[in-house]
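Have a look at the structure below before the remarks.
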Amino acid sequence: MSQAPPNQVRPSVIQLAIKEKAALYAAYIPLFADGGVFIPSTREYRLGDDVYVLLSLPDDPQRYPIAGKVAWITPARAAGNRSQGVGVRFPSDEKSRLLKIRIEEILGTHLGSDRPTQTI
């Protein structure tokens, strides 16, 4: 009798539509070399989990698919009134490099702001 292959854990798929520059600023993670984004979520994740994100940016009809990894977790009731969720690191590839450039173009001068964000 042949055995069925073990179930492979498929990465979760998250659709994240960011409608405003302020929300993009709060979610974007410029500290990651390849960029990254904070995703509010009550789902349980572990560091290193694969996450597939369909990201929509303000005033941009395109959706950007990202096969990222969970790089940090903000637990429920975190200090500083931060939202529960995960920081997803973009992979080191050309699509991510172009997406990082696109996000930084949208944010422009906001990147140097001292306003608090959901990220590090």
Side chain to side chain contact (heavy atoms under 4.5 Å, CB included) between V51 and V86, intermediate numbers included: CA-CA 10 Å; V51 181; V86 292; 5.5 Å; no

Run the side chain to side chain contact (heavy atoms under 4.5 Å, CB included) test on F90 and V53 for me, step by step, so that the C-alpha distance in whole Å, both residues' side-chain angles and the decisive distance to 0.1 Å come before the verdict. CA-CA 10 Å; F90 296 166; V53 183; over 6 Å; no

Can you see which heavy atom on [X] is nearest to which on [Y], and at what distance?
X	Y	result
G68	P91	CA-CD, 4.3 Å
A78	T74	CB-CG2, 3.5 Å
I18	A27	CD1-CB, 4.1 Å
F38	S83	CZ-O, 3.2 Å
Y28	G36	CD1-O, 3.3 Å

Only pairs at least two apart or in different chains count here, so list each salt bridge (charged side-chain N to carboxylate O under 4.0 Å, His left out) that has a residue in residues 93-103. D60-R102, E94-R97, K100-E104, R102-E105

Do P58 and E20 have side-chain heavy atoms sitting under 4.5 Å apart? no

Are I29 and W72 side-chain neighbours, meaning at least one heavy-atom pair lies under 4.5 Å?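 Side-chain contact under 4.5 Å: yes.
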
With a 4.5 Å cut-off on side-chain heavy-atom distances among I, L, V, M, F, W and Y, is there a chain of contacts connecting V37 to I101?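 They do not share one cluster, since no chain of ILVMFWY contacts under 4.5 Å joins V37 to I101.
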
Let me check something: do L98 and Y64 share a hydrophobic cluster, defined by ILVMFWY side-chain heavy atoms less than 4.5 Å apart, either directly or through other members? no

Audit row: I106, D59, side chain to side chain contact (heavy atoms under 4.5 Å, CB included) steps and yes/no: CA-CA 9 Å; I106 291 169; D59 304 319; over 6 Å; no

Would you mind listing the cluster partners of Y52? Hydrophobic ones only (ILVMFWY), side-chain contacts under 4.5 Å, chaining allowed.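 Taking Ile, Leu, Val, Met, Phe, Trp and Tyr as members, Y52 shares its hydrophobic cluster with V13, L54.
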
Salt bridge or not for K69 and D49, using N-O below 4.0 Å? no

d(L16 CG, I39 CD1) to nearest 0.5 Å is 5.5 Å

CA sep, side-chain torsions, deciding dist, call: L55, I103, side chain to side chain contact (heavy atoms under 4.5 Å, CB included): CA-CA 11 Å; L55 179 63; I103 289 171; 4.3 Å; yes

